[in-house]
Asks: 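This is the structure I want to talk about, given as structure tokens.
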Amino acid sequence: MPKGRNHDAGFKARVAPEAAKGGRTVPELAAEYPVRPTMIHQWKKALLEGASDIFERGGKKAEIDEATMRSLHARIGEPAGANASCPESPGPGPASDEGSKPPPVQGRSRTR
């Protein structure tokens, strides 16, 4: 089993319900799928805890009214951040990388 592998949501959605059904044990599922039993337990827990959210929302995604959507679309491409509208802002730096490095400190040795 590779260490530190990120599994996609589709894979988790196949494995977690099988663990929740209880037809096979978690070690059996871990042997079939390339995943550690601990991960299957975590996915099963997340599935069971998150199932109530589906029924609370009625299975619908959050809705945004059209006025808000138009406002958000109009803001796309505008500068963001506190200094974006500041007239004293120097703007982008030089194209070369030389101007962005601080000058070397004189009189100091790197070895001790």
Asks: For a salt bridge (charged side-chain N to carboxylate O under 4.0 Å, His left out) check, start with the C-alpha distance between Glu66 and Arg70, then their side-chain angles and the critical distance, and finish with the verdict.
Replies: CA-CA 6 Å; Glu66 282 192 45; Arg70 273 189 244 114; 3.6 Å; yes
Asks: Restricting to salt bridge (charged side-chain N to carboxylate O under 4.0 Å, His left out), what partner residues turn up for Glu49, sequence neighbours left out?
Replies: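 Here no residue qualifies.
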Asks: Hey, could you give me the CE/CG distance between Met39 and Leu29, rounded to the nearest 0.5 Å?
Replies: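 Output value for this atom pair is 14.0 Å.
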Asks: List in chain and number order the residues that pass salt bridge (charged side-chain N to carboxylate O under 4.0 Å, His left out) with Arg75, two or more places apart in sequence or in another chain; answer none if no residue qualifies.
Replies: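 Residues passing salt bridge (charged side-chain N to carboxylate O under 4.0 Å, His left out) with Arg75: none at all.
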Asks: Under the side-chain contact (heavy atoms from CB on, under 4.5 Å) test, which residues partner Thr38, sequence neighbours left out?
Replies: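 Thr38 satisfies side-chain contact (heavy atoms from CB on, under 4.5 Å) with Gln42 once adjacent residues are dropped.
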Asks: Holding to ring-ring contact (aromatic ring centres under 6.0 Å, His included), I want the full list of residues that pass it with His7, two or more places apart in sequence or in another chain.
Replies: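 His7: ring-ring contact (aromatic ring centres under 6.0 Å, His included) contacts with Phe11, Trp43.
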Asks: So, for Ala16 and Lys44, which heavy atoms are closest and what is the spacing to 0.1 Å?
Replies: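 So the two residues come closest at CB-N, 4.2 Å.
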Asks: Tell me every residue that passes salt bridge (charged side-chain N to carboxylate O under 4.0 Å, His left out) with Glu32, counting only those two or more places apart in sequence or in another chain.
Replies: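 With neighbours one apart ignored, the set is Arg24.
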Asks: If you round to the nearest 0.5 Å, how far is CG of Leu47 from CD1 of Ile40?
Replies: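 Atom-to-atom, Ile40:CD1 and Leu47:CG are 13.0 Å apart.
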